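By convention in this document, chain letters (A, B, ...) are assigned in the order of the sequence lines, proteins followed by strands, and residues within each chain are numbered from 1. Since this is a predicted model, take the numbers as computed values, not measurements.
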2 protein chains.
Amino acid sequence: MAYRETPLVTQRKLAQKSALLHAAESLVREGGFGALTIQALASAAGVGVGTVYRYFSNKDELTTEVFRRATIREVDAVSAVLDINGTMSDRLAAAAEVFSQRAFAAPKLAWALIAEPVEPAVDIARLKYRKKYAALFEKVIAKGVDSGELVPQIPALSAAALVGAMAESLLGPLDHLECRELTTAALRDFCLRAVGVVVESKCP
Amino acid sequence: MAYRETPLVTQRKLAQKSALLHAAESLVREGGFGALTIQALASAAGVGVGTVYRYFSNKDELTTEVFRRATIREVDAVSAVLDINGTMSDRLAAAAEVFSQRAFAAPKLAWALIAEPVEPAVDIARLKYRKKYAALFEKVIAKGVDSGELVPQIPALSAAALVGAMAESLLGPLDHLECRELTTAALRDFCLRAVGVVVESKCP
DNA sequence: CAAACAAGTGAATCATGATTCACTTGTTTG
DNA sequence: CAAACAAGTGAATCATGATTCACTTGTTTG
């Protein structure tokens, strides 16, 4: 007798939540998190504002989830490339390149994820995922130091510094899409030098 | 017959504005820009909220001015040390050390200036002063590249990356004041390697 | 001293977006 | 089909701090 959620309804609800998240990410891709208001999302998704609250208990939950999903894709891409075969410097080089290339491929999104002024909730998530990047780098750097491939250093500090270097150095160039290749290469070399890989042999 | 501002009054007004700015910076030193509300400032300075508006036309002007004054001190300190005699790497090393030491000396302020989530107006100022740091580094790096002391590179990119590396790598350690020396040295070495100075001779 | 004016005051108001809630519409069950 | 319930709605309300403004207090001038 009682009403029970049927599979069809469950699926529709999932689809609706997914549609909302997609619409929200589109808004962020176009105008950063500043463009992601409940009103804007509701009208972009073609629903009433109240409907948004059926799927997210509040704004922070929404923005945090949008940030999390987008950032996880980035972290995963960098993580994947850090696991390739080769020396530690090969891996770090590939990671820097991927980070840069992906940022150039979606500049506004990159800016939103990396540097846009946002509500504290998103900023906390940002900190968390920066640590995730740093943890990935730290592991590889530590291995490189152990094997003698990299100069002795504090892996945790170098890793954080790499994250900062990557993020900051792209902020300016992101709107100069022509310099993409040059910038990517320069950033990669900077990172390699920073962790103590000799780029050009000095002892012929 | 008409009322005209007497030197005494002019001086009092200057003193009042200065007192407000000092009180505002104290609030920021204790709790970041988040703690700097007009209400809090007014009661900290022992005046009514209306009085604050006699000296600053709006909140953005106030916060921006507090940020500007504090940051200029930092930029000047780094700038001064970049002008010392010595090789370009000596200068960059000194700059990294000064940046780090000053951050450790006032951790909450450093956090507020570098990374705290703030209203867009302050964030714009932040961007501006990050560029100022970068410009200082860029000059020194360019000189070093020209003289062959540093590896070939894009000075503007390396400079931005250095700024990012310094800022990011201190975010974590700032509450571990014990590691101050070690962290400072590690950051300095990271920066020197990054710009292509060979820290340890490889050709005996 | 008193007129003329500026500085100081803080309760009241405003601005911006998030959030609620009484109501409407759609689904499920027997 | 109709009862039972959830999803959808958007105008109204709320929350947070900035901002205003009618008023009070202090300074200057002749």
Quickly work out the [X] [atom1] to [N] [atom2] distance and round it to whole Å.
X	N	atom1	atom2	value
B/N58	D/dG17	CG	C1'	14 Å
B/Y53	D/dC23	OH	P	22 Å
A/R54	C/dA18	CZ	P	19 Å
B/L62	D/dT19	CG	P	10 Å
B/E119	D/dT16	CD	P	17 Å
A/I38	D/dA12	CD1	P	20 Å
A/K59	C/dT19	NZ	C1'	12 Å
A/Q16	D/dA6	CD	C1'	14 Å

N-O pairing of [X] and [Y] below 4.0 Å:
X	Y	result
A/E30	A/K108	no
A/E149	A/K143	no
A/D123	A/R126	yes
B/R69	B/E25	no

[N]: pairing nucleotide in any strand, Watson-Crick or G-U under 3.5 angstrom:
N	value
C/dG30	D/dC1
C/dA12	D/dT19
C/dT25	D/dA6

Along DNA chain C (nearest heavy atom to each residue), the more 5'-positioned of A/S57 and B/K13: B/K13

field: Position toward the 5' end of DNA chain C (nearest nucleotide), A/G50 or A/L36
entry: A/L36

Please work out if [X] contacts a base, only the sugar-phosphate, or nothing of the nucleic acid, heavy-atom cut-off 4.0 Å.
X	value
A/T37	sugar-phosphate
B/V49	base
A/F56	nothing

message: Could you go through B/R130 and B/I114, starting from their C-alpha distance and side-chain angles, then the distance that decides it, and tell me whether this counts as side chain to side chain contact (heavy atoms under 4.5 Å, CB included)?
response: CA-CA 9 Å; B/R130 288 206 167 199; B/I114 291 173; 3.4 Å; yes

field: Residue whose closest nucleotide on DNA chain D lies nearer the 5' end, A/Y55 versus B/R12
entry: A/Y55

